[in-house]
There are 2 protein chains.
Amino acid sequence: MSAALLPRKRRKEDRPNELLEAALDLFVEKGFAATRLEDIATRAGVSKGTLYLYFAGKEALFKAVIQDGLIPALAELEALLAGHEGSAFDLIRALVERWWSMVGETRYSGIPKLMIAEARNFPEVAHFYYENVVRRGRKVFAAALERGMARGEFRALEVGACVDVLIAPMLMLVVWRHSLAHCCLAEQEPRAYLEMYLEMLRGGLAAPGL
Amino acid sequence: MSAALLPRKRRKEDRPNELLEAALDLFVEKGFAATRLEDIATRAGVSKGTLYLYFAGKEALFKAVIQDGLIPALAELEALLAGHEGSAFDLIRALVERWWSMVGETRYSGIPKLMIAEARNFPEVAHFYYENVVRRGRKVFAAALERGMARGEFRALEVGACVDVLIAPMLMLVVWRHSLAHCCLAEQEPRAYLEMYLEMLRGGLAAPGL
DNA sequence: TAGGTTGCTGACCGTTCGGTCATTAACCGC
DNA sequence: GCGGTTAATGACCGAACGGTCAGCAACCTA
């Protein structure tokens, strides 16, 4: 790969991020067990031994990939919630769009698929992900729903189950794009899908009077 | 396991199904690469060598698991569609409930998670699954939507994207139950989730006049 | 440019696992 | 029972892969 052609370079600062990006891409594509450390190293432009200078081993890489990935995006969504004024539905639209630009159309969109596939093999990592991504994300959307119900904009629904139904289409969109979409003809245009999703949501949540 | 205690038995007829069930359970739990053939054999009450009397190898087992699993359920849904009379929303409710009883609450509910995780490692199998499960399933729900629009019961929406949004919560329900739900406190009661889903769908699809 | 520090390398090791096959023993017809 | 057929076994093999480490070379400082 970078074999004899490129000369060795010493770039201690950049290696960890490059390794994490390579690891994320390959874990998402092939799964944890089917990904070889040597492939990760090669993709990061480095040899296998170097990987061990920065990470304790394969499992440590996996943990870092999951734990670093989506936390910044969640902080953004929380900030958006805190700063929003206007209708609750506009808030939901803004949240969905911010999520799409920060996660959906970036390489981080692979993390949900990866976590789904590996949760039962890494219960501790799954637990971290649940507490720090799933719970926080649910809380943001639950707050938006409650705001809409309080304003009389949405009808009264049990918030817990409603949040789960609400976020499912967003998750399936990214999961799909990292799995079957790679083998079959192009399916959805993501923007059209999201518009349809928001449109159906508007009707599904609207209070009867409106 | 069945070691020295149980005597050998010759049960040529039953072995393939027992092996397929064991393989499905373990593939769903651990993923394809992390599942050992010996574990599958042991769970099926058989030795590793026996497995090779019935399947050519690990990949053949995987193919069989995917290809046998959901086809009968799809035929059922198609029959339901063909035989239904009444409102389109009742048809959708009936489809969702039949799907839940034939897939959602059985071991076959693991297949979507498995296929999502492994699609990119087995493009041919993914293609089979797409053609024979995804497409057929989409077609059934698309027909239900079109019927509702023709009756003036649903508003006019672009059917393709609408189907994708429509089925996403059903898929996420089963995917969730086979991944993160195993590591975290119990989340949804499936029946309540499905009721909420149908309720939101009713509003999301309803024609404005109604 | 000489010497020292350290980021980087890749050959090597041990284990694990998919796959094979000679052997064993359950069943059946006579 | 007895022999023949074949389902079932598990010890074995080779390849692949995670992980190690002794040596190398890029960079720095004087």
Side-chain angles (χ1 to χ4, degrees), chain A residues 1-27 29-66 114 118 121-122 125, chain B residues 1-27 29-66 114 118 121-122 125:
Chain A
M1 190 55 174
S2 70
L5 301 175
L6 282 294
R8 274 192 198 178
K9 284 291 175 197
R10 308 177 79 183
R11 288 168 43 243
K12 187 179 165 60
E13 304 306 318
D14 302 332
R15 298 300 189 201
N17 270 334
E18 293 170 0
L19 285 163
L20 283 176
E21 289 188 3
L24 173 56
D25 289 349
L26 287 169
F27 285 157
E29 178 179 338
K30 299 179 188 299
F32 178 79
T35 298
R36 295 178 319 183
L37 283 185
E38 194 149 15
D39 289 344
I40 295 173
T42 300
R43 175 178 288 221
V46 117
S47 80
K48 188 167 53 159
T50 300
L51 195 152
Y52 283 87
L53 297 178
Y54 298 101
F55 296 94
K58 202 182 186 186
E59 190 164 339
L61 248 186
F62 179 78
K63 286 188 191 180
V65 161
I66 295 291
L114 177 57
E118 304 295 341
N121 292 331
F122 299 94
V125 185
Chain B
M1 190 55 173
S2 69
L5 301 175
L6 281 295
R8 275 193 198 175
K9 283 292 175 193
R10 309 178 77 184
R11 290 170 39 243
K12 186 178 165 59
E13 304 305 318
D14 303 332
R15 298 300 189 203
N17 271 333
E18 293 170 1
L19 285 163
L20 283 176
E21 289 188 2
L24 173 56
D25 290 348
L26 287 169
F27 285 157
E29 178 180 337
K30 300 179 188 296
F32 178 79
T35 298
R36 296 179 318 180
L37 283 184
E38 195 148 14
D39 289 344
I40 296 174
T42 299
R43 176 179 287 224
V46 117
S47 80
K48 187 167 55 159
T50 299
L51 195 152
Y52 284 87
L53 298 178
Y54 298 101
F55 297 94
K58 202 183 186 187
E59 189 164 338
L61 247 187
F62 179 78
K63 285 189 190 179
V65 160
I66 295 292
L114 178 56
E118 304 295 342
N121 293 329
F122 299 94
V125 184

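These values consider heavy atoms only, across backbone and side chains, with no hydrogens, waters or symmetry-generated copies. Below, chains carry the letters A, B, ... as their sequence lines are ordered, and counting in each starts from 1.
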- Item | Euclidean distance, atom CD1 of residue I40(A) to atom P of dC8(C) [Å, nearest integer] | 17 Å

- Can you tell me the distance, in whole Å, between the CD atom of E59(A) and the P atom of dC17(D)? 19 Å

- Message: Regarding K9(A), tell me which of base, sugar-phosphate or nothing describes its non-hydrogen contacts under 4.0 Å with the strands shown.
- Response: sugar-phosphate

- Query: Counting side-chain heavy atoms from C-beta on, which of dA26(C), dC8(C), dC17(D) comes nearest to R36(A)?
  - Reply: dC17(D)

- Query: If you check the S47(B) side chain, which of dT9(D), dG19(D), dG23(D) turns out closest?
  - Reply: dT9(D)

- Message: What's F55(A) touching, base or sugar-phosphate or nothing? Going by heavy atoms closer than 4.0 Å.
- Response: nothing

- May I ask you to test the E18(A)-E21(A) pair for a side-chain heavy-atom distance under 4.5 Å? no

- Of the candidates dA26(C), dT9(C), dG19(D), the side chain of K48(A) sits closest to dG19(D)

- Return the orientation label for the F62(B) and F32(B) ring planes: parallel under 30°, perpendicular over 60°, tilted otherwise. perpendicular

- Task: Determine the minimum heavy-atom distance between L114(A) and I66(A), stating which atoms define it.
- Result: CD2-CD1, 4.0 Å

- Could you walk me through whether R43(A) and D39(A) pass side chain to side chain contact (heavy atoms under 4.5 Å, CB included), step by step? CA-CA 6 Å; R43(A) 175 178 288 221; D39(A) 289 344; over 6 Å; no

- Query: Whole Å only: how far is the OH atom of Y52(B) from the P atom of dC17(C)?
  - Reply: 13 Å

- Task: Using heavy atoms to find the nearest nucleotide of DNA chain C for G49(A) and K12(A) separately, return the residue whose nucleotide is more 5′.
- Result: K12(A)

- Task: Just call it for L53(A): base, sugar-phosphate, or nothing, with non-hydrogen atoms closer than 4.0 Å on any strand.
- Result: base

- Query: Counting just side-chain N and O atoms, does R15(A) come under 4.0 Å of either OP1 or OP2 of dC8(C)?
  - Reply: yes

- Item | Side-chain N,O (T50(A)) to OP1/OP2 (dT9(C)) below 4.0 Å | yes

- Item | Under-3.5 Å donor-acceptor pair between R10(B) side chain and dT6(D) base | yes

- Message: Does dA7(D) have its OP1 or OP2 closer than 4.0 Å to a side-chain nitrogen or oxygen of Y54(B)?
- Response: no

